[in-house]
Amino acid sequence: VLAELTQAEPDNPALLYNLGLARFYQDKHREAQASFDRALALGLKTRDNLAYLTRSLHHLGKIRDAIGFCEQWLAQAPGEEAKAYLALLEMDEGNMARAHQLAEDVLARDPENLHASTVAGSYSVEQQDMEAAEKHFGRIVERQPQNGRGWLGLGLVRLYQQKHAESI
């Protein structure tokens, strides 16, 4: 329905944003990115459009581009959500020192933040601080039982502890 509406009004940024949302939640990230990009080009510079554009790019593996838009999102709407997502992107880009710094800043104000906990847990694994890693990843899977990164982190902790059956 939204695609048909955008054919009638191709320069309507609100319609393009909503079409992007529909595509995003159907895991059509390339098409979602195109919709969010077009809405942005037409002047829709809202926090939500930047956030979903960032997430779409992340899903597509375009991490550097995602970081750029996430920084715009953070500048427009300073807060824990954008900063935690930037930490996750920095980690995925291999910038663990920056990612950890951002995550710790978020966790100081929002100790339950899932993205920041993912970064902090991964950093803890790298530092072989398995007690801290277990705490972070345990919190993630308690709150989001389907979180793959949380389960992977717990699996790495169990592997380090030589609890192979639990790791598997």
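The analysis underlying the following values was restricted to heavy atoms, covering all of them including side chains, and did not include hydrogens, waters or symmetry mates.
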Show every donor-acceptor pair shorter than 3.5 Å between a side-chain atom in residues 38-48 and any protein atom, with sequence neighbours excluded, or say none if there are none.
from: R38; atom 1: NH2; to: D11; atom 2: OD1; distance (Å): 2.4
from: T46; atom 1: OG1; to: N49; atom 2: N; distance (Å): 3.1

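P10 approaches L16 most closely through the heavy-atom pair O-CD1, 3.7 Å. For the residue pair N12 and A14, the shortest heavy atom distance occurs at OD1-N, 3.0 Å. Shortest non-hydrogen contact noted between A87 and A103 is CB-N, 3.9 Å. Between A116 and A84, the shortest heavy-atom contact is N-CB, 4.0 Å. In this structure, V157 and A133 approach most closely via the heavy-atom pair CG2-CB, 3.8 Å. Residues C70 and L89 approach most closely at CB-CD1, 3.7 Å, considering heavy atoms.
Not a single donor-acceptor pair under 3.5 Å links the side chain of S124 to the backbone N or O of M130. Put simply, the side chain of N147 gets close to the backbone of G150: a donor and an acceptor are under 3.5 Å apart.
Between Q146 atom CD and Q144 atom CD the span is 9.0 Å, to the nearest 0.5 Å. For the atom pair NE2 (H29) and CZ (F36), the distance works out to 10.0 Å, reported to the nearest 0.5 Å. Rounding to the nearest 0.5 angstrom, the gap separating the CD atom in E81 from the CG atom in L74 is 11.0 Å. Taken to the nearest 0.5 Å, the CG atom of L154 stands 10.0 Å off from the OG atom of S167. One finds the CD atom of E134 at 12.5 Å from the OH atom of Y160 (value rounded to the nearest 0.5 Å).
Linking Ile, Leu, Val, Met, Phe, Trp and Tyr residues whenever their side-chain heavy atoms come within less than 4.5 Å places L21 and L57 in a single cluster. Taking hydrophobic clusters as Ile, Leu, Val, Met, Phe, Trp and Tyr residues chained together by side-chain heavy-atom distances below 4.5 Å, L152 does not share a cluster with L88. In the hydrophobic cluster analysis, where Ile, Leu, Val, Met, Phe, Trp and Tyr join through side-chain heavy atoms closer than 4.5 angstrom, F137 is grouped together with L114. By the criterion of side-chain heavy atoms lying less than 4.5 angstrom apart, applied directly or through intervening Ile, Leu, Val, Met, Phe, Trp or Tyr residues, Y17 is grouped together with W73 in one hydrophobic cluster. Under the 4.5 Å side-chain heavy-atom criterion for ILVMFWY residues, a single connected hydrophobic cluster contains both I67 and M91.
For residues 142-157, the set of pairs meeting the salt bridge (Lys or Arg N to Asp or Glu O under 4.0 Å) definition, not counting sequence neighbours, comprises D92-R149. Sorted by first and then second residue, the salt bridge (Lys or Arg N to Asp or Glu O under 4.0 Å) pairs involving residues 105-131 (not counting sequence neighbours) are E80-R109, K83-D105, D105-R109, E112-R139. Applying the salt bridge (Lys or Arg N to Asp or Glu O under 4.0 Å) test to every pair with at least one member in residues 16-32, sequence neighbours left out, gives no pairs at all.
Using a 4.5 Å heavy-atom cutoff, the side chains of Y123 and H136 are not in contact. By the 4.5 Å heavy-atom criterion applied to side chains, Y85 and R55 are counted as neighbours. For the pair E93/R98, no side-chain contact is recorded, criterion being any heavy-atom separation below 4.5 Å from C-beta on. When side chains are defined from C-beta on, E166 does not count as touching Q161, because their heavy atoms never get closer than 4.5 Å. Inter-residue side-chain proximity for L53 and Q72 is flagged as unmet; no heavy-atom pair is nearer than 4.5 Å. Using a 4.5 Å heavy-atom threshold, the side chains of Y52 and Y25 count as touching.
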- Message: Could you walk me through whether L102 and V119 satisfy the side chain to side chain contact (heavy atoms under 4.5 Å, CB included) test, starting with their C-alpha distance in whole Å, then the side-chain angles of each, then the deciding distance to 0.1 Å, before giving a yes or no?
- Response: CA-CA 9 Å; L102 290 164; V119 172; over 6 Å; no
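No more than 12 heavy-atom neighbours from other residues, nucleotides or ligands sit within 6.0 angstrom of CD on E4.
Using cut-offs of 30° and 60° on the angle between ring planes, the pair F24 and H59 is perpendicular.
Under the salt bridge (Lys or Arg N to Asp or Glu O under 4.0 Å) criterion, E104 pairs with no residue at all, not counting sequence neighbours.
Through side-chain heavy atoms spaced under 4.5 Å, either directly or across other Ile, Leu, Val, Met, Phe, Trp or Tyr residues, V1 is tied to L2, L5, L15, L19.
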